[in-house]
Amino acid sequence: MGAQQVAERFAELYGAQPEGVWAAPGRVNLIGEHTDYNDGFVMPFALPHQALAAVSRRTDGVLRLHSAEVEGGITELRLDGLTPQGDENWTAYPAGVVWALREAGHAITGADVHLSSTVPTGAGLSSSAALEVVIALAMNDLYGLGLPRWKLARLCQRAENVYVGAPTGIMDQTASACCEQGHALFLDTRDLSQRQIPFDLAAEGLRLLVVDTQVKHAHSGGEYGKRRAGCEKGAALLGVDALRDVPYAGLDEALARLGDEEEVVRLVRHVVTEDRRVERVVDLLRSGETRAIGPVLTEGHASLRDDFRISCPELDLVVDTALATGALGARMTGGGFGGSAIVLAEATDVDTLTKAVEEAFATSGFTAPRVFEATPSPGAHRLH
């Protein structure tokens with residue numbers, strides 16, 4: 001759906017034209033998984049898939065929400081009745097952003113909203129962050145809040161952590177809000193400093209495929225929270241503020257200090273080595289050695305599979321099949337327990353790789369995957 005169609009549907013629903021239409025993308029994380037809530041490094045880029053929102057202000061303390069992707073009519077909520085973890089529906093994401101803005105002292109008096117999204121849900125591509133950021137940007141513009149993008153991302157994270165109840169890090173919202181076309185975002189999640197790293201695969205005859213396994217995951221489930229708690233336990237045992245503070249050169253010594261805490265050892269080893277992998281990918285891209293990032297991506301998958309233990313048979317099958325068919329590198333991306341994998345490949349190998357993965361899924365009796373090309377796209381912006 002484009003801006004015009006979303007605006008027209010808004011007018012049908014609410015009887016007037018919207019004051020504007022905004023867009024916010026989903027994201028693919030190139031490298032740096034489960035490092036964001038450990039104050040570490042991540043490197044996402046924005047997808048062409050995005051959430052669109054047509055929005056108008058209200059002055060009566062009412063928030064009305066409608067989604068093109070959800071059956072049913074308009075959901076009407078009172079702003080003074082918004083309660084953290086009191087809504088288990090999709091509406092918790094946009095409502096949570098409005099709640100977070102009001103909690104931060106911003107005078108939001110209501111809104112009419114119609115949403116439409118092409119970001120696949122449950123695929124590890126941040127469909128929820130896209131919903132949050134598009135609402136935050138619309139409110140920022142309509143109410144003249146003047147908040148910088150990084151602060152909008154922080155408020156969206158608070159909405160997801162506190163209002164929705166999902167213990168996610170800051171990466172997804174920052175990627176949706178701040179990414180630039182043709183670049184990957186090198187983000188230090190401790191101080192939110194950012195560097196845009198050129199990432200033009202097409203110019204080098206390369207492609208990055210996203211393989212959505214169709215295995216749905218849910219961040220608010222207990223396994224994600226367990227990993228986060230384990231990382232926090234590791235930091236406490238090592239006497240550091242966050243695992244970011246464990247130097248890569250001192251990893252062996254740190255792991256030895258953890259003794260027989262086998263699960264914590266695995267989690268710490270993943271986070272510290274993953275931060276190092278992000279730095280390696282940045283260095284390779286800046287020196288023009290794009291193909292050389294492939295093995296680093298594959299190392300990341302092995303770490304997520306064996307140390308963090310958040311892969312699944314479908315994700316492993318994508319990676320193994322792609323590598324056996326000539327991919328330069330492959331790994332799962334996103335929170336894990338399903339979702340998507342990414343495959344770095346020569347442009348000339350895309351059709352062969354896609355066919356091989358689809359055939360492998362069919363042979364294994366898995367649901368057919370969805371395969372598409374990921375091109376680094378713009379972050380959130382106003383369309384109309």
Side-chain angles (χ1 to χ4, degrees), residues 1-14 16-27 44-58 62-70 74-75 77 79 90-102 104 106-121 125-160 172-181 185 376-384:
M1 268 192 146
Q4 183 175 343
Q5 294 98 313
V6 173
E8 288 172 355
R9 181 64 177 134
F10 179 98
E12 292 172 7
L13 289 163
Y14 298 113
Q17 290 296 319
E19 291 185 76
V21 178
W22 289 260
R27 65 96 188 97
F45 65 87
L47 288 167
H49 307 73
Q50 54 191 6
L52 271 60
V55 186
S56 286
R57 287 169 289 183
R58 297 177 65 91
V62 170
L63 176 64
R64 295 198 292 180
L65 301 167
H66 185 270
S67 170
E69 284 70 50
V70 180
I74 295 168
T75 298
L77 304 168
L79 298 186
W90 70 271
T91 48
Y93 295 98
V97 172
V98 174
W99 170 86
L101 286 165
R102 285 166 54 84
H106 302 292
I108 309 296
T109 56
D112 287 337
V113 179
H114 170 60
L115 287 153
S116 180
S117 179
T118 59
V119 186
T121 58
L125 303 175
S126 298
S127 58
S128 58
L131 278 185
E132 293 158 1
V133 170
V134 77
I135 295 297
L137 186 60
M139 296 299 145
N140 195 44
D141 287 356
L142 288 174
Y143 282 95
L145 305 181
L147 297 172
R149 295 298 182 94
W150 68 267
K151 191 164 284 189
L152 292 178
R154 275 282 193 220
L155 287 165
C156 289
Q157 183 199 17
R158 177 168 167 75
E160 188 147 354
D172 297 349
Q173 293 85 359
T174 305
S176 187
C178 301
C179 279
E180 293 182 5
Q181 186 166 352
L185 178 68
S377 301
H381 56 287
R382 186 169 186 164
L383 291 171
H384 175 69

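Fair warning: this is a prediction, and the values are worked out from it, not measured in the lab.
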Is the shortest heavy-atom distance from the side chain of D141 to the side chain of R382 under 4.5 Å? yes
To the nearest 0.5 Å, tell me how far L152 CG sits from E132 CD. 12.0 Å
So which heavy atom on G110 is nearest to which on Y143, and how close? O-OH, 2.7 Å
Could you pull out all residues at least two apart from E19 that satisfy salt bridge (charged side-chain N to carboxylate O under 4.0 Å, His left out)? R57
Taking all non-hydrogen atoms of both residues into account, name the closest pair between P94 and I135 and its distance. CB-CG1, 3.7 Å
Give, for atom OG of S67 and atom CD1 of I74, the distance between the pair rounded to the nearest 0.5 Å. 12.0 Å
Pair W90, L115 - check side-chain contact (heavy atoms from CB on, under 4.5 Å), show working. CA-CA 11 Å; W90 70 271; L115 287 153; 3.6 Å; yes
Counting C-beta onward and ignoring hydrogens, is there a side-chain heavy-atom pair between M139 and H106 closer than 4.5 Å? no
Strictly distance-based, threshold 3.5 Å: is any side-chain N or O of R149 a donor or acceptor partner for the main-chain N or O of C178? no
Straight-line distance of L142 CG to W22 CH2, nearest 0.5 Å: 3.5 Å
Can you tell me how far the NE2 atom of H114 sits from the CG atom of L13, to the nearest 0.5 Å? 6.0 Å
Taking atom CD of E8 and atom CD of Q5, what is their separation to the nearest 0.5 Å? 6.5 Å
Where do R64 and Y14 land on the side-chain contact (heavy atoms from CB on, under 4.5 Å) test, with the steps shown first? CA-CA 9 Å; R64 295 198 292 180; Y14 298 113; 3.5 Å; yes
Within this structure, what is the CG-CG distance for the pair L131 and L65, rounded to the nearest 0.5 Å? 10.0 Å
If you take all heavy atoms of P44 and C179, which pair is closest and at what distance? O-SG, 4.0 Å
Should we count NE2 of H384 as having more than 12 external heavy atoms under 6.0 Å? no
Where do P378 and P25 come nearest, in terms of heavy atoms and distance? O-CG, 3.4 Å
Please report the C-alpha distance between H381 and Q50 in whole Å, then the side-chain angles of each, then the deciding distance to 0.1 Å, and finally whether the side-chain contact (heavy atoms from CB on, under 4.5 Å) criterion is met. CA-CA 11 Å; H381 56 287; Q50 54 191 6; 4.0 Å; yes
Q181 backbone acceptor or donor facing S377 side chain under 3.5 Å: no
Shortest non-hydrogen pair, V134 vs A51, comes out as CG2-O, 3.6 Å
side-chain contact (heavy atoms from CB on, under 4.5 Å) between L147 and L101: does it pass, once the steps are laid out? CA-CA 10 Å; L147 297 172; L101 286 165; 4.0 Å; yes
Donor-acceptor contact below 3.5 Å, side chain R102 vs main chain I108: yes
Salt bridge (charged side-chain N to carboxylate O under 4.0 Å, His left out) filter on R58, not counting sequence neighbours, yields D60, D112
Answer with yes or no whether the side chains of E69 and S116 bring together a donor and an acceptor at under 3.5 Å. yes
Backbone of C156 reached by a side-chain donor or acceptor of Y93 within 3.5 Å: no
I need the minimum non-hydrogen distance between L52 and A3, along with the two atoms involved. CD2-N, 3.9 Å
